[in-house]
Each structure stands twice: as C-alpha cells, then as structure tokens.
Amino acid sequence: MEQQRISAQRRSLMLGAAAAGAAALTHPLSVLAQGNEEIVIGGSIPMTGVFAFAGVGINAGIQDYVKIVNDAGGIKGRKVKYVPEDTGYKVDVSVATFKKITSQNKVSLYYGDSTGFSKTINPELDRNGNILMAGASFASELNDPKKYPNQFLVGPDYTEMFGILLKHIAKEKPGAKVAFVYSDSEFGRDPIEASEAEAKKLGLSVPIKIMTPAGSVDVSTEVIKLRRAAPDYTIFHGYILAPIPEFINQGKQQGMKSKWMGTFWTMDSSTVMKMGEAGDGFMGVMPFRYHYDTEKAPMLEKIRALRPEYQSTAYIQGFLAAMLFLESAKRCLDAGKPLTGANLKAGLNSLKDFDTGGLIGVPITISGNSIPVGRVYRADMKAQKMVAASDWIKL
C-alpha cells in the first residue's frame, strides 16, 4: 500500500516535470528566467565614518523607492531586491563590498559611495558588463560617457553646478566679480579651472581664488585677501560646513558686501541652518526639491506620507537614483532586452522630458552621464528653511 502511494507520488512529480518542460518549450528559457528573477540593486553605502550623515539618508531613500515599486507589483512582475553594506566611506572597503555583493547576487544596478570608488571600480564595471552604476559623487571627470560608459551622476557635475550659479549671477548682476574659495582636495579643485573659463564667457570676472585645507579653522589671513578683492559673490566648494561660517562671519565683520554661495554637499537644510545668523541669505545650487517644498510634487507627497519628518537632500538623491535605476531597467524589459550595462545605460539615455514626480522641478533629459539642471535656493533663517531664489536652470 505504502509502495503504491510512493509510485503515485512519483508519477505525479514526473507528469509535473513533463508539463513544466512543455511550458518551457513554448516560452524561451530567457523569458521564463526574466519573468521571475529579482532585479538586484547593490550598494556600497557609508553608514558610518565621515560621510555617514549622507549615507544614512541615501540608504533610506533607496529603500523607500524600492518599497514603493515592490508594493505596486515590481518592474514587469519582477520584484526588486536592495542589498546594501556599510563601507565607512573607505575605498578599499567599498571595493571589497562590491566584490562580495556581486559574487553573491546577480546585480544589475549599483550605488557607489565616493569618487575614489567610482574611479577605482570602473575597469571592473567594464569587464563585468552587466551593471549600471550611480552614486554619491558629482565629479566632473565621471561625466564622460566614453571613459565611464556604465556610470552616471544623479544631478549636475561640480562644474555644471558652478555653471548654474554663474548663470544666475550673470542674470542678477551682469559683469559681477566672483571669488572662488575651495578646499585643497580632489573634490575642491574639481570645477575651478573650467568654471573660471565659464565665468569669463558669461562676462563675469574672477579676481581671486583661495584654496584652504579641507577642515581649516583659522582663515583670518584668507579673509583679508578676500576683502581686498571685494567680490560681489563668493562661491565655496569642496567643504561641507567648516570653514564657511568663519569666512562669512569674519567677512561681514570686516564690512564685506559679498553674497555667499555653496554647492550640493553644503546645501542640505540642516547644514545651512547650523551657520546660524551668518547663514541668513546664504545661497547655493540644489538639483532637487527640499522635503518641505510646497510646490506641486506628487513624489514628494509620497515621501512625506512615508516620512513626515524632514529628510535630507542625500535622502532625495538616493530616492531619485533608485527611480532612475528602475526606470532604465523597465525600459530594457519593455524592449525585450537583457539587463546588461550597455542596455541599461541606453535605457537611461532614452529619458527625454522625463517627469520625476516633481523631485526635480522640470522634466529631465539625460543625454550623457549627468542631469545638468538645478535651482538656486536661499537660506531664510527666520523660517528655518531654504527658499527658491531662481527658476530651474538648465545648461
């Protein structure tokens, strides 16, 4: 009796296998595999270390967008899996993390934590051929589709950020004098030379460029030089916060009338608010809307429903990176193409007038490796908010 039950079980298993085999013949195996395989996003995320303030936000942003997509049924029926690991913002740890995550998962999309990592891992990305990568870096060097064919920037590169600020200045005060103050680091030096040439093209002059150590505290000598140059605008780059408030405080004490500006990593609301009184009126370029912006933005409303408390600009960047990753994957699958690095990048570069749900205030077109769009915001210390000081500026 027991033997009869086992052989009946075996027969039904064999019939099941035969039926599955017949189904496989009517559907190519690649289609079957594509239909149920998860789409994997890997991440070298700096959850600890000097960049943790950004990493925590980036991680939450990617997680939230992946949840929104999975709750809506995934991408063409495929669920999305996000596999992050903490790197402490160290290139060697980030490279080891990349190798570990990609050896354990079939990764199609990857988020990197730094310019150093993006440059170091690039030959590996080219060899692998199946991954599209973005990350926390806005380095101008990465904005080169020939050299970095499988990478993109979630916003304008640093030179383009300067370009947006300079365009705003040229409109607000034609012929203005603009000072550049930047850190003695790869990050700091990145946009300086190209931006000086761009300023001249726009009819602006750059009477002084000042380079300081990244975390410098005593800037009194530099402030004297800056005051003598009497710029109408001073753009800081290559810092998060220090020594910007020291420059502004001392400059104001010495009677400087300059307007003060920064680039993306200085422009989170919580960072600018730490400047206190000195920061009132501080301006800078922001590629995205702030969490609390009141203009119509359906995706911001979704974010605020998930997280009513203020979320950093790094959170918005992570959220948008995930959105662009998965839109690229969707376009590949819609076209019946496998998720290779080249196909994913082609999917990304097919974005023309794409609506980000209001995260960026105008539709975006990604023709190369960056999104050359931004807006100038100004700090209102009474309201404790960043408020728009310009329209959206496209380069």
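We use all heavy atoms of the structure for the numbers below, so side chains are in, but hydrogens, waters and symmetry mates are not.
- Heavy atoms of other residues, nucleotides or ligands lying less than 6.0 angstrom from CD of Glu193 number 12 at most.
- Residues Val373 and Leu153 do not share a hydrophobic cluster, defined by chaining ILVMFWY side chains whose heavy atoms lie under 4.5 Å apart.
- Rounding to the nearest 0.5 Å gives a distance of 12.5 Å between CG of Asp113 and CZ of Phe98.
- The nearest pair of heavy atoms linking Ile45 to Gly55 is CG2-O, 3.4 Å.
- Between the CG atom in Asn105 and the CD1 atom in Ile41 there is a gap of 12.0 Å [rounded to 0.5 Å].
- A donor-acceptor contact closer than 3.5 angstrom links the side chains of Thr48 and Asp86.
- A donor-acceptor contact shorter than 3.5 Å is absent between the side chain of Ser312 and the backbone of Gly57.
- Residues Ile240 and Val50 fail the side-chain proximity criterion, which asks for heavy atoms closer than 4.5 Å.
- Of all non-hydrogen atoms in Ile316 and Arg289, the two that sit nearest each other are CG1-O, 4.0 Å.
- Trp260 has its side chain within reach of Lys252: a pair of non-hydrogen atoms, C-beta onward, lies under 4.5 Å apart.
- Under a 3.5 Å cut-off, the side chain of Ser44 and the backbone N or O of Thr87 do not form any donor-acceptor pair.
- Between Leu324 and Ile364, the closest side-chain pair of non-hydrogen atoms falls below 4.5 Å.
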Indicate every side-chain donor-acceptor pair of residues 162-177 with a distance under 3.5 Å to a residue at least two apart or in another chain.
unit_1, atom_1, unit_2, atom_2, d
Lys167, NZ, Lys394, O, 3.1
Glu172, OE1, Tyr233, OH, 2.4
Glu172, OE1, Lys259, NZ, 3.2
Lys173, NZ, Asp232, OD1, 3.1
Lys177, NZ, Ala229, O, 3.3
Lys177, NZ, Ala230, O, 3.4

*Given the rule in the side-chain hydrogen bond (donor to acceptor under 3.5 Å, both in side chains) test, do Asn369 and Lys345 qualify, once you have shown the distances and angles that lead to the verdict?*
CA-CA 9 Å; Asn369 278 13; Lys345 184 65 185 302; 2.5 Å; yes
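- Criterion: ILVMFWY side-chain heavy atoms under 4.5 Å apart, direct or through other members. Under it, Val154 and Phe354 are part of a common hydrophobic cluster.
- With contacts defined as side-chain heavy-atom distances shorter than 4.5 Å, the pair Phe138/Ser370 does not qualify.
- For the pair Met267/Val285, no side-chain contact is recorded, criterion being any heavy-atom separation below 4.5 Å from C-beta on.
- By the criterion of side-chain heavy atoms lying less than 4.5 angstrom apart, applied directly or through intervening Ile, Leu, Val, Met, Phe, Trp or Tyr residues, Phe325 is not grouped with Tyr148; the two fall into different hydrophobic clusters.
- For Glu222 and Lys225, the salt-bridge test fails: no basic side-chain N is under 4.0 Å from an acidic carboxylate O.
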*Full working for ring pair (Phe, Tyr, Trp, His ring centres under 6.0 Å) between Trp265 and Phe51*: CA-CA 10 Å; Trp265 291 113; Phe51 213 56; 4.9 Å; yes
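- For Lys119 and Glu186, the salt-bridge test passes: some basic side-chain N is under 4.0 Å from an acidic carboxylate O.
- No donor-acceptor contact under 3.5 angstrom links the side chains of Asp64 and Gln311, judged on distance only.
- Two residues are said to be in side-chain contact when any heavy atoms from C-beta on lie closer than 4.5 Å; Arg227 and Gln250 fail this criterion.
- Judged by distance alone, with hydrogens and angles left aside, the side-chain atoms of Thr266 form a donor-acceptor pair with the main-chain N or O of Tyr239 at under 3.5 Å.
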*asked:* Could you go through Tyr310 and Asp268, starting from their C-alpha distance and side-chain angles, then the distance that decides it, and tell me whether this counts as side-chain hydrogen bond (donor to acceptor under 3.5 Å, both in side chains)?
replied: CA-CA 11 Å; Tyr310 174 76; Asp268 185 53; 2.5 Å; yes
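- Of the candidates Lys337, Lys330, Arg331, Asp334 forms a salt bridge (charged side-chain N to carboxylate O under 4.0 Å, His left out) with just one, namely Lys330.
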_Test ring pair (Phe, Tyr, Trp, His ring centres under 6.0 Å) applied to Phe264 and Phe288, step by step_ = CA-CA 10 Å; Phe264 180 81; Phe288 325 121; 5.8 Å; yes
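- Taking both residues in full, the closest heavy atoms of Ala199 and Val206 are given as CB-CG2, 3.8 Å, listed atom of the first, atom of the second, then distance.
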*side-chain hydrogen bond (donor to acceptor under 3.5 Å, both in side chains) between Tyr377 and Asp293: does it pass, once the steps are laid out?*
CA-CA 11 Å; Tyr377 278 83; Asp293 273 11; 2.6 Å; yes
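- Panel note: side chain Ser350, backbone Gly347; a donor-acceptor pair is recorded below 3.5 Å.
- For Tyr111 and Asn59, the side-chain atoms include no donor-acceptor pair closer than 3.5 Å.
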*Going through the checks in order, is the side-chain hydrogen bond (donor to acceptor under 3.5 Å, both in side chains) test met by Ser269 and Tyr292?*
CA-CA 10 Å; Ser269 197; Tyr292 45 62; 2.9 Å; yes
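- Without hydrogens or angle criteria, Gln384 side chain to Met381 main chain gives a donor-acceptor distance under 3.5 Å.
- Contact check for Leu395 versus Pro156: no side-chain heavy atoms found under the 4.5 Å cut-off.
- A tilted orientation is assigned to the rings of Phe187 and Tyr158, their planes being inclined by 30° to 60°.
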